[in-house]
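What follows is a set of notes on a single structure, which appears directly below.
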There are 2 protein chains.
Amino acid sequence: MPKKVVPEEARRRRRPTRQGAVLSEALIVETALRVLREHGTAGLTARRLGAALGADPSTLYRYFTGMDDLARAVGNELMGRALDGWTAGRGWRADLRSLGLALHSSYLAHPQAAVLTASRVSGRAREIAVDEAILGILRGAGLSDEAAVRFYHAFIDLTLAFAALDAGSLALPEEARRTDEDMWASTYARLPAASHPNIAATAGHLAARMPHSAYPVVLETLLDGIAAEPATAPQLRPGRSRRP
Amino acid sequence: MPKKVVPEEARRRRRPTRQGAVLSEALIVETALRVLREHGTAGLTARRLGAALGADPSTLYRYFTGMDDLARAVGNELMGRALDGWTAGRGWRADLRSLGLALHSSYLAHPQAAVLTASRVSGRAREIAVDEAILGILRGAGLSDEAAVRFYHAFIDLTLAFAALDAGSLALPEEARRTDEDMWASTYARLPAASHPNIAATAGHLAARMPHSAYPVVLETLLDGIAAEPATAPQLRPGRSRRP
DNA sequence: TTGTAAGGTCAACCGCGTTGGCATAAGGAT
DNA sequence: ATCCTTATGCCAACGCGGTTGACCTTACAA
């Protein structure tokens, strides 16, 4: 058992496993994403990941201190993928909106992985890059440092919190997911108007809206809130505001 | 092993366990909350809960179909506790704000339980009661059914998503929590201004704000968004708006 | 008073993360 | 080319997890 994990950039010897695979941190993370997709959130086990890699489970401890550490590496990978498919330059509001949606959908593209990682701070490089980008947009929009941090905090936590929540239902086994979605059309729609007048009156709207994410709605109200914040620097470029 | 779980209200025989305890769904849920607080999110195991109740682990399967079902019952309990400590009647904006904060703090009062349950829909009675209350406030404020449902969805998902996120860090072992919080004062504060100018410039604000929840900030922007929605009914009582 | 089955217990199954010991081959030094 | 070191892989085992099937035992209905 390793006394310490060797950092990826210091690795020299790449001994193939008995079954011929040459391991690396990137290969393990990538394989973990595949295993998560195929076997679900609880299906990422050291034994199964080892088998998928053609390696002994204990070998993973040469690369990560434990399954927890591996999970954080997976989270960092999702952050990086979001940032890769994103470009700035169309004004603070459009940039912030597109970054939020990119993060949200990067996580939802791997729901089982998102459930496992979205609530944890990895502190790794690509996560820090995302933080830097958000603060840059807000400060570039002319907000004071205090306001920039206040809204950075709101923005990133909102995005990750919704990523985790929305991923939660997507990550359910197909059958359970349909059951949950149907609940709005069955259980809730059948509550008697006498005891639950408001649910009864809106059952149709509920069934139509609840299976989708509320993230875009809340994100827009947050952007409205940012737009209403007085700027302290002259370069404020006002985005499309709710009250033009 | 039971073929089927007998619903709580149909139970007749209350045989005490070998160690004298008389079981019930309520006692089990209450004990689960205690075990969660004492042993953490991963510490709620059938064996440990059985021991805390003075019963065999397999006895739990007479009351719940599995640990998953038990978790949903715990979540329903947290919903109920929030609703118990809440009263309406001070206008839609104050009512919605206080209900959101009540839910948020009810979950944060049991962080280990919140992590386990906040992302799951229980479909049980007290959760439905919360849904009915929210829809009632919004429709009572004069919103159209469509708008009421849109903002109900945003409100409940926002609240639960933040409850889960914020509970996540509170539920960490004391040492890990301090490490996470200190990260803003150590790792982030030490990033060179050359590569991360925006983080470097705001390090002080970050260290001060990040350990707290962003929920109140986002909630207010959502309430602003609701206030800006045109009412279709005459009884709209405008709350304190951002633009008076 | 008696029969039934609800609600307990017991023992066992298999999978989990993790660890200590060991084998081997990669790659720098000579 | 050869040797030596040690990184990196494998193996076996530990304790704990959820869950199950078979089996008692006793509260209640008839």
Side-chain angles (χ1 to χ4, degrees), chain A residues 1-28 31-32 35-36 39-74 116 173, chain B residues 1-28 31-32 35-36 39-74 116 173:
Chain A
M1 168 218 11
K3 292 229 187 304
K4 191 162 193 306
V5 171
V6 175
E8 181 72 8
E9 61 276 13
R11 287 184 183 276
R12 302 179 170 281
R13 308 186 183 180
R14 296 281 183 185
R15 181 138 78 105
T17 69
R18 171 149 302 193
Q19 299 183 29
V22 176
L23 301 183
S24 68
E25 195 176 298
L27 176 63
I28 295 175
T31 307
V35 169
L36 278 166
H39 294 94
T41 303
L44 179 65
T45 70
R47 289 167 215 273
R48 185 132 45 192
L49 180 54
L53 286 163
D56 187 88
S58 64
T59 304
L60 297 170
Y61 289 80
R62 302 277 181 201
Y63 291 84
F64 302 97
T65 63
M67 294 305 284
D68 201 80
D69 191 30
L70 169 61
R72 272 187 283 120
V74 170
L116 214 57
Chain B
M1 168 218 8
K3 293 229 191 303
K4 191 163 191 306
V5 172
V6 175
E8 181 71 8
E9 61 275 14
R11 287 182 184 276
R12 301 178 173 282
R13 309 183 183 183
R14 295 283 184 184
R15 180 141 76 105
T17 70
R18 171 146 304 193
Q19 300 183 28
V22 176
L23 300 183
S24 67
E25 195 177 297
L27 176 62
I28 295 175
T31 307
V35 170
L36 278 167
H39 295 94
T41 304
L44 180 65
T45 70
R47 289 169 216 270
R48 185 133 46 192
L49 181 54
L53 286 163
D56 190 87
S58 63
T59 305
L60 297 170
Y61 290 79
R62 302 278 181 200
Y63 290 83
F64 302 97
T65 63
M67 294 304 284
D68 200 81
D69 192 30
L70 169 61
R72 273 188 283 118
V74 170
L116 215 58

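Note that these values count all heavy atoms, side chains included, but never hydrogens, waters or copies made by symmetry. For clarity, every value in this text was computed on a predicted model and none was experimentally measured. The sequence lines fix the lettering, A, B, ..., with proteins before strands; numbering per chain opens at 1.
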Using distance only, find each side-chain donor-acceptor pair of residues 42-49 of chain B under 3.5 Å and give its atom names and separation, not counting sequence neighbours.
unit_1 : atom_1 : unit_2 : atom_2 : d
B:T45  : OG1    : B:R48  : N      : 3.0
B:R48  : NE     : B:G43  : O      : 3.1

Tabulated below should be each protein N or O lying under 3.5 Å from an N or O of nucleotides 11-13 of chain D; please produce it.
unit_1 : atom_1 : unit_2 : atom_2 : d
D:dC11 : OP1    : A:R18  : NH1    : 3.3
D:dC11 : N4     : A:S58  : OG     : 2.8

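One atom, CG of B:L53, and another, P of C:dT9, lie 10 Å apart when rounded to the nearest Å. Distance CD1 (B:I28) to C1' (C:dG7): 11 Å, rounded to an integer number of Å. Residue B:R48 contributes atom CZ, which lies 10 Å from atom P of D:dC16 at whole-angstrom precision. Between the CG atom of B:D68 and the P atom of D:dG18 there is a distance of 12 Å, given to the nearest Å. C:dC16 atom P lies 12 Å from atom CG of A:L49, rounded to whole Å. The nearest whole Å value for the distance from the CG atom in A:L27 to the P atom in D:dG9 is 11 Å. Here the P atom of nucleotide D:dT8 and the CG atom of A:L60 are 14 Å apart, to the nearest Å. What separates CG of A:L23 from P of C:dT24 is a distance of 19 Å, to the nearest Å.
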* Trace of the side chain to side chain contact (heavy atoms under 4.5 Å, CB included) decision for B:I28 with B:L70 -> CA-CA 9 Å; B:I28 295 175; B:L70 169 61; 4.0 Å; yes
* To do: Please assess A:L116 against A:L36 for the test side chain to side chain contact (heavy atoms under 4.5 Å, CB included), listing each intermediate value before the final yes or no.
  => CA-CA 10 Å; A:L116 214 57; A:L36 278 166; 4.1 Å; yes
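For A:D69, the side-chain contact (heavy atoms from CB on, under 4.5 Å) criterion is met by A:F64, A:T65, A:R72, A:R124, not counting sequence neighbours. With sequence neighbours excluded, the residues forming a side-chain contact (heavy atoms from CB on, under 4.5 Å) with A:S24 are A:E8, A:R14, A:A26, A:L27, listed by chain and number.
Counting non-hydrogen atoms under 4.0 angstrom, A:L70 reaches nothing in the nucleic acid. Nucleic acid contact class of B:L44 (heavy atoms, under 4.0 Å, all strands): sugar-phosphate only.
For A:T17, taking side-chain heavy atoms from C-beta onward, the closest of the listed nucleotides D:dA22, D:dT19, D:dC10 is D:dC10. With D:dT19, C:dT18, C:dT9 as the choices, the nucleotide that has an atom nearest any side-chain atom of A:M67 turns out to be C:dT18.
Phosphate proximity of D:dG21 to B:Y61: absent, as no side-chain N or O sits under 4.0 Å from OP1 or OP2. For the pair B:T45 and D:dG17, the criterion of a side-chain N or O lying under 4.0 Å from OP1 or OP2 is met.
Closest-nucleotide positions on DNA chain C for A:T65 and A:A42 were compared, and the one nearer the 5' end corresponds to A:A42.
With rounding to the nearest 0.5 angstrom, the OG1 atom of A:T31 is 4.5 Å from the CG atom of A:L53.
Residues B:L23 and B:L60 form no side-chain contact, since every pair of their non-hydrogen atoms from C-beta on lies 4.5 Å or further apart.
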